[in-house]
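To keep things clear, I will list the structure first and then write my remarks on it.
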Amino acid sequence: MDYQQFSKISLGFFPTPLVKLSRLSQALGCEIWMKRDDMTGLAFGGNKTRKLEYILGDALAKGCDTIITAGAAQSNHCRQTAAAAAQLNLDCHLILGGEQPEITQGNLLLDNLLGCHIHWAGENRKGEDIPALYQSLQAKGKKPYIVPYGGSNELGALAFVDAVKELAEQSRGLVFSRLIFASSSGGTHAGLWLGKQLFNLGFELVGINIDKDESGQVPFADHILELGKQTAKLIGSKESFSHEALLLNPDYQGEGYGIVGTQENEAIAMTAQLEGILLDPVYTGRAMAGLIDMIRTGAIPQGERVLFWHTGGAPSLFAYADKLDIGQGKNQRL
Ligand SMILES: *Cc1c(COP(=O)(O)O)cnc(C)c1O
């Protein structure tokens, strides 16, 4: 395959580490490894760094000077986009769902430090206001470029084809039975899936569905399938995709997107206290809760070697401070 026609730039540090989680493995009875995409390095890192290497490379190649993207107030995607834009001397406009909160914390604090323009969009949480902002910036003589929600288009997914290649090179001789990760806007899932096919890796790819399906919206699995097909087409691959092969586990959505429950709290505490590794409350905490539960219930048999892809997100811990279970009785006056 020839990727030469794509203008990929460098924004992060790769390969990200692949590490064995010895104490968590011992506690659960499986051999658990972790791919540390929380360490991509771009303003606290995360999986969006990979996508932005292709997407912002495309923006530069097209001579754009302004970036527009959208997300939730605590969007990791928006924070990494703002950081990359700063580095590349591009203006950055973020359209964030909801109203401006009283306290500026977590990713939102970082967005502000990174110097981007923030537009609060109220109930328009999925980037509905992007076209209007695009036109107004254009009218002011700017050359705007739209980065899709979550960086999930074909270019973003392509970055995860590269990520699978990186994993294959790094894990020589080490065979994983499953790869577990948090799936949301679909680019990570589509790319990992295509990469797994292209590089013939035998693991079962299990996305933990983070968001609740809403009526009237294209089902997530259909969206991921379509994105996978389009990404294959982009690189001239004939890989075909079937619904049956797409594993998107809906069992851990809890009370919905961004609502932290006991499962996320337990997963975050276990991973922190057994490994010294920080998960996030929205994505990786929920995905790890899924992994823990699948091991405990026997859906993943004891002794299996599995890989958890850490997609980042820990900066939002600070914004969720009052929702996190930090344990009682360990704070005391000397
Ligand atoms: C965006 C994000 C995901 C989900 O990736 P998608 O490509 O949007 O499915 C998972 N974890 C974290 C921390 C994220 O920021």
Side-chain angles (χ1 to χ4, degrees), residues 12 16 34-40 42-55 69-84 94 106-108 110-111 126-127 147-164 179-195 205-211 213 220-221 223-228 231 246-250 252-253 257-258 260 264 267-268 271 277-291 308-317 319-320:
T16 56
M34 186 180 268
K35 180 72 170 147
R36 298 287 309 266
D37 269 12
D38 56 320
M39 295 178 69
T40 59
L42 182 65
F44 292 133
N47 64 337
K48 306 309 182 306
T49 305
R50 292 185 185 273
K51 300 175 176 188
L52 290 165
E53 290 194 330
Y54 274 107
I55 296 173
T69 197
Q74 286 301 324
S75 166
N76 301 300
H77 160 69
C78 288
R79 181 242 315 155
Q80 287 162 85
T81 304
L94 303 180
N107 283 307
L108 182 58
L110 302 177
D111 295 342
K126 293 280 172 189
V147 177
Y149 207 83
S152 283
N153 60 8
E154 297 87 331
L155 285 175
L158 180 56
F160 272 87
V161 174
D162 291 358
V164 175
L179 192 168
I180 317 289
F181 67 101
S183 186
S184 179
S185 68
T188 303
H189 203 156
L192 288 175
W193 196 24
L194 180 57
L205 183 64
V206 186
I208 304 295
N209 194 4
I210 299 301
D211 314 61
D213 263 304
F220 291 118
H223 169 68
I224 295 165
L225 271 168
E226 187 53 33
L227 188 52
T231 310
L246 185 90
L247 301 176
L248 187 61
N249 187 321
Y252 304 102
Q253 295 164 11
Y257 179 86
V260 182
E264 290 85 9
I268 291 169
T271 309
I277 293 173
L278 299 170
L279 300 176
D280 82 283
V282 180
Y283 299 94
T284 53
R286 182 162 288 179
M288 182 61 86
L291 174 58
F308 181 88
W309 202 293
H310 191 331
T311 43
S316 74
L317 283 170
Y320 280 82

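First listed ligand is number 1; within each ligand, the first listed atom is number 1.
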Please say whether [X] places an N or O atom under 3.5 Å from an N or O atom belonging to ligand 1.
X: Gly150; answer: no
X: Tyr283; answer: no
X: Ser183; answer: no
X: Ser185; answer: yes
X: Lys51; answer: yes
X: His77; answer: no

With a heavy-atom distance limit of 4.0 Å, tell me whether [X] approaches ligand 1 through its side chain, its backbone, both, or neither.
X: Asn47; value: side chain
X: Ser152; value: side chain
X: His189; value: neither

What heavy-atom pair brings Gly71 and Tyr149 nearest, and what distance separates the two atoms? CA-CE1, 3.6 Å
For [atom], what's the nearest protein heavy-atom neighbour? Residue, atom name and distance, please.
atom: atom 4 (C) of ligand 1; result: Ala182 O, 3.6 Å
atom: atom 9 (O) of ligand 1; result: Ser184 N, 2.7 Å
atom: atom 13 (C) of ligand 1; result: Gly312 O, 3.1 Å
atom: atom 2 (C) of ligand 1; result: Lys48 NZ, 2.4 Å
atom: atom 10 (C) of ligand 1; result: Thr311 OG1, 3.2 Å

Check whether any side-chain N or O of Arg50 sits under 3.5 Å from a backbone N or O of Gly156 as a donor-acceptor pair, and report yes or no. no
Answer yes or no: is there a donor N or O on one side and an acceptor on the other, between the side chain of Thr284 and the main chain of Asp280, under 3.5 Å? yes
Ignoring hydrogens and geometry beyond distance, is a side-chain donor-acceptor pair present between Lys48 and Thr40 at under 3.5 Å? no
When you check the side-chain N and O atoms of Tyr54 and Asp162, is any donor under 3.5 Å from an acceptor? yes
How many angstroms lie between CD in Gln80 and CG in Asn47, if you round to the nearest 0.5 Å? 6.5 Å
Just how far is it from atom OG1 of Thr16 to atom CZ of Arg36, taken to the nearest 0.5 Å? 9.0 Å
Suppose I only count heavy atoms of Asn76 and a 4.0 Å limit; which atoms of ligand 1 are within that range? 13 (C), 14 (C), 15 (O)
Provide the number and element of each atom of ligand 1 under 4.0 Å from a heavy atom of Gly187. 7 (O)
Is there a side-chain contact between Phe160 and Thr231 in this structure, where contact means two heavy atoms from C-beta onward sitting under 4.5 Å apart? no
